[in-house]
Amino acid sequence: MKLIREILYKVEINSVVGNTSVSIEKVEFDSRLVTKGDMYVAINGVNVDGHDFINQAIVNGAVCIVCENLPKEIADEVVYISVPNSRDALAFISSNYFDNPSAKLNLIGITGTNGKTTISTLLFELYKNIGIKSGLLSTVKIVIDDEVFPANQTTPDSLSINKYLNEMVCNEVRYCFMEVSSHGIDQSRIKGLNFKGGVYTNLTHDHLDYHKSFESYRDVKKQFFDALGKDSFAIINNDDRNGLFMLQNTKAAKLTYSLNSMSDFKAKILESSFDGMLLKINKSEIWCKLMGRFNAYNMLAVYSAASTLGLPDDELLMGISNLEAVEGRFQFYRKNKIIAIVDYAHTPDALENILNSINEIKSVDNNLITVVGCGGNRDRSKRPIMGNIATALSSKVIFTSDNPRNEDPELIIEEMKKGVKSFHSNKSISITNRKEAIKAACQFAQSNDIILVAGKGHETYQEISGVRTDFDDFDIIKNLLNQKN
């Protein structure tokens, strides 16, 4: 139990009705989860306004209501706190309620369009493998030392984040590696957290359905680095044209990594194959099990962050050489001399990167068959771009469903096909059913060909008309290739 006044530190308040010396049991922003003695924070969400459920929260036992607009009817023995921004208030209240857990461990945030999951997961695995208790907050999963929890968002809500961080502190976790999404920044999910450091990967076409413009998307990302304290560090990809922009107003120590430009941490690809890469990082050569230029950036980001955190170079290099590919990120399977690759690439840049990486390694005699779709109810402007990239860089393309959600999957495919140049039109076919599309790719593939199934990666479901059914790209293609004669 906590007194209301004890958890209002840093919360901007317009007015208070009632006595803030009252104790609360816990904090909730979902009225359905409220029980006797709780504080309810009313959030004005994208689809639902939590203010509409204040009365329900009180019926369920709420003794304190935090809201942007006070209700017309004020209930007796309920404390009301009016705030200018409920999301901001929830973030600070959550941190205060759990005694500011982010300040009790080394919290590292990774942001950018591509690479967040890979870098955060590899950092977690690196520290775990050398015996340092660590935590992970990622798109794929949430991990507290050895305990794994499912993840529903790239960046969870601020209440969940602080709850998980508090569990980490209680379990003596020393480091936490966290994906920081643009939605998470914009919706104040990370506000009030004490980050030891931040890593920036890149910025490309994505989430414009939400941010409306690339400039808005970029500026939201920058807010993360603007908020870092002087005792933190900020590491950016110096090869990305927006990298230095992220550092303009940060108080943190500024560091850079790159493959092409001069930086604090520099890498070069010496050899590359489907089995991995030989990298030169600063003055040391190291073989890693991941492949592709984009993964060279990811590995360099891992090295840069761990080195800045003080991990000795010999231990760091040995640890990196043992790291495996992340689930759904260039996940590799070889059967009957056919190579299958499953990857989460769902942006134009990510798709182009992985296709270029495959083409750099494969023989000119081997075909690259790409199965790809675009998600429904998301940024439509990237669909023709991805259609163009897929056909330009593949031997054959099968356009199919991704997660069509509430859109017609065939119309999504048609929008992708609009980007296909006329001289590439004979390369593509459309098969709306994703499993049938993957099956067709397996049938087309001959000895030493490569199949890329892009877009869903680690996801184990497909969402059609609001209904999720079991669907795992990797399991499906693995089973189909095992059946192939």
Side-chain angles (χ1 to χ4, degrees), residues 108 110 112-129 134-156 164 176-181 199 201 274-277 288-292 294-299 301-302 319-335 339-347 350-351 353-354 357-358 370-373 375 402-403 434-435 438 450-463 468-482:
I108 311 300
I110 296 91
T113 305
N114 303 312
K116 296 187 297 295
T117 301
T118 298
I119 294 167
S120 58
T121 304
L122 291 178
L123 278 165
F124 167 77
E125 295 292 344
L126 172 68
Y127 276 74
K128 180 183 176 183
N129 290 346
S134 301
L136 174 67
L137 295 171
S138 80
T139 302
V140 178
K141 58 187 175 183
I142 294 164
V143 190
I144 301 175
D145 196 18
D146 291 320
E147 192 171 3
V148 181
F149 303 88
N152 298 315
Q153 295 172 296
T154 300
T155 306
Y164 285 125
C176 176
F177 304 100
M178 174 182 176
E179 287 189 55
V180 177
S181 68
V199 178
T201 63
F274 283 116
D275 295 315
M277 292 181 290
C288 69
K289 298 178 183 179
L290 282 68
M291 61 76 60
F294 62 98
N295 269 326
Y297 279 107
N298 292 336
M299 294 302 258
V302 169
I320 284 178
S321 68
N322 292 323
L323 292 173
E324 304 279 351
V326 175
E327 181 183 355
R329 269 62 177 178
F330 213 92
Q331 197 168 0
F332 190 95
Y333 184 71
R334 185 187 274 122
K335 183 71 176 180
I339 293 173
I341 298 167
V342 171
D343 193 86
Y344 189 54
H346 63 286
T347 68
L351 184 62
N353 283 338
I354 195 166
S357 294
I358 295 169
T370 299
V371 180
V372 64
D402 189 289
N403 290 317
R434 190 173 181 90
K435 185 173 182 179
I438 297 172
I450 298 100
I451 303 170
L452 170 66
V453 183
K456 287 172 54 59
H458 65 281
E459 293 176 348
T460 56
Y461 64 86
Q462 188 174 32
E463 185 176 339
R468 288 189 176 189
T469 55
D470 291 342
F471 199 101
D472 188 317
D473 282 350
F474 190 77
D475 282 351
I476 288 170
I477 197 165
K478 182 178 177 180
N479 291 335
L480 288 169
L481 286 179
N482 286 338

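Under the 4.5 Å side-chain criterion, counting only non-hydrogen atoms from C-beta, Val302 is not in contact with Thr118. Inter-residue side-chain proximity for Ile476 and Phe471 is flagged as met; some heavy-atom pair is nearer than 4.5 Å. A 4.5 Å side-chain heavy-atom check between Ile341 and Ile451 finds every atom pair outside the cut-off. Lys116 places none of its side-chain heavy atoms less than 4.5 Å from the side chain of Thr139. Looking only at side-chain heavy atoms (C-beta outward), Ile358 and Ile339 stay at 4.5 Å or farther from each other. A heavy-atom distance below 4.5 Å is not found between the side chains of His346 and Val372. Considering only heavy atoms from C-beta on, Phe330 comes within 4.5 Å of Ile354 through its side chain. Using a 4.5 Å cut-off on side-chain heavy atoms (C-beta onward), Thr460 and Asp475 make no contact.
Rounding to the nearest 0.5 Å places OG1 of Thr201 at 9.5 Å from CD1 of Ile110. To the nearest 0.5 Å, atom CD of residue Gln331 and atom NE2 of residue His458 are 11.0 Å apart. With values rounded to the nearest 0.5 angstrom, Phe124 atom CZ is found 9.0 Å from Phe177 atom CZ. The distance from atom SG of Cys288 to atom CE of Met299, rounded to the nearest 0.5 Å, is 4.0 Å. Once rounded to the nearest 0.5 Å, the distance linking OH of Tyr344 with CD of Glu459 reads 5.0 Å. Note: Leu122 CG to Ile119 CD1 = 8.0 Å, rounded to the nearest 0.5 Å.
If you run side chain to side chain donor-acceptor pair (under 3.5 Å) between Arg329 and each of Asn295, Thr121, Asp343, Thr117, only Thr117 comes through. Here the rule is side-chain contact (heavy atoms from CB on, under 4.5 Å) with Met178, and of Leu136, Leu137, Ile142 only Leu137 fits it.
Here salt bridge (charged side-chain N to carboxylate O under 4.0 Å, His left out) pairs that include residues 134-151, with residues two or more places apart or in two chains, are Lys128-Asp146, Lys133-Asp145.
Annotation for Thr347 and Thr113: closest pair CG2-CG2, 4.2 Å, computed over non-hydrogen atoms. Gly292 approaches Ser357 most closely through the heavy-atom pair CA-OG, 3.5 Å.
Residue Lys289 places its NZ atom among more than 12 non-hydrogen atoms of other residues, nucleotides or ligands, all under 6.0 Å distant.
Under 3.5 Å, the side chains of Asn353 and Tyr297 contain no donor-acceptor pair of N or O atoms. For the residue pair Thr469 / Gln462, no side-chain donor-acceptor distance below 3.5 Å is found, with atom types taken as modelled. Between the side chains of Asn479 and Asn482, no donor-acceptor pair of N or O atoms lies under 3.5 Å. If you check the side chains of Glu125 and Asn322, you find no donor sitting under 3.5 Å from an acceptor.
Using a cut-off of 4.0 Å between Lys/Arg side-chain N and Asp/Glu carboxylate O, Asp472 and Lys456 are scored as not salt-bridged.
For Tyr164, the ring pair (Phe, Tyr, Trp, His ring centres under 6.0 Å) test picks out Phe149, with sequence neighbours left out.
No donor-acceptor pair under 3.5 Å is formed between the side chain of Ser134 and the backbone N or O of Cys176.
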